[in-house]
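Structure first, then comments.
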Amino acid sequence: MLDDPDISDAEYDRLIRELTALETAYPEFFDNNSPTQRVGAKPLEAFSTVSHTIPMLSLQNAMSVEEIRDFDKRVKKLLGVGSVEYVIEVKIDGLAVELVYVNGVFTMGSTRGDGYIGEDVTQNLRTIRSIP
């Protein structure tokens, strides 16, 4: 939450997977406040906040070929199609932003935050020349 992690992203992901497995195995101990039920973190007070029109949810991780195949099956089933083409990029944690355009003009940018409310980083994003 303070942009100063004590453990690596890989270790965090491993621990979240372990917690998810425990919650699945022992549902009587599940809690809606579990870290497995959260995306991102509460916006920092240093920035003004922006409510997302559509929640920015987590894409989850795939750490094995089997998990990638399972993901592909879910996508095809959801879309009702037999094949899907993918573009795959390295995931860089902490860099998800929402860009809002009105009539083709960039008007606002915000972080994911908690998935529902993010930080307004419009002025920071205006410095990135590759954002149209």
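Bear in mind that the values here come from a model prediction, so they are computed numbers and not experimental data.
Phe29 and Leu22 fall within a single hydrophobic cluster, where Ile, Leu, Val, Met, Phe, Trp and Tyr side chains are chained together by heavy-atom contacts under 4.5 Å. Both Leu99 and Val121 belong to a common hydrophobic cluster when Ile, Leu, Val, Met, Phe, Trp and Tyr are linked at side-chain heavy-atom distances under 4.5 angstrom.
The neighbour count for Arg69 CZ, taken as heavy atoms of other residues, nucleotides or ligands under 6.0 Å away, does not exceed 12.
Each ring pair (Phe, Tyr, Trp, His ring centres under 6.0 Å) pair with one or both residues in residues 106-126, not counting sequence neighbours, appears once here: Tyr101-Phe106.
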Donor-acceptor contacts under 3.5 Å from residues 124-132 side chains, at least two apart:
| residue | atom | partner | partner atom | Å |
| --- | --- | --- | --- | --- |
| Thr127 | OG1 | Asn124 | O | 2.6 |

Can you give the donor-acceptor pairs under 3.5 Å from side chains of residues 79-86 to other protein atoms, not counting sequence neighbours?
| residue | atom | partner | partner atom | Å |
| --- | --- | --- | --- | --- |
| Tyr86 | OH | Asp72 | OD1 | 2.7 |

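Between atom CD of residue Gln123 and atom CE of residue Met108 there is a gap of 11.0 Å, rounded to the nearest 0.5 Å. In this structure, Leu19 CG and Phe30 CZ are separated by 9.5 Å, a value rounded to the nearest 0.5 Å. Taken to the nearest 0.5 Å, the CD atom of Glu18 stands 13.0 Å off from the OG1 atom of Thr36.
Between the side chain of Thr122 and the backbone N or O of Gly109, at least one donor-acceptor pair lies under 3.5 Å. In this structure, Thr49 contributes its side chain and Ile117 its backbone to no donor-acceptor pair below 3.5 Å.
Using a cut-off of 4.0 Å between Lys/Arg side-chain N and Asp/Glu carboxylate O, Glu11 and Arg14 are scored as salt-bridged.
Side-chain contact check for Leu15 versus Ile7: some heavy-atom pair is nearer than 4.5 Å.
When all heavy atoms of His52 and Gly115 are compared, the pair lying nearest together is CD2-O, 3.5 Å.
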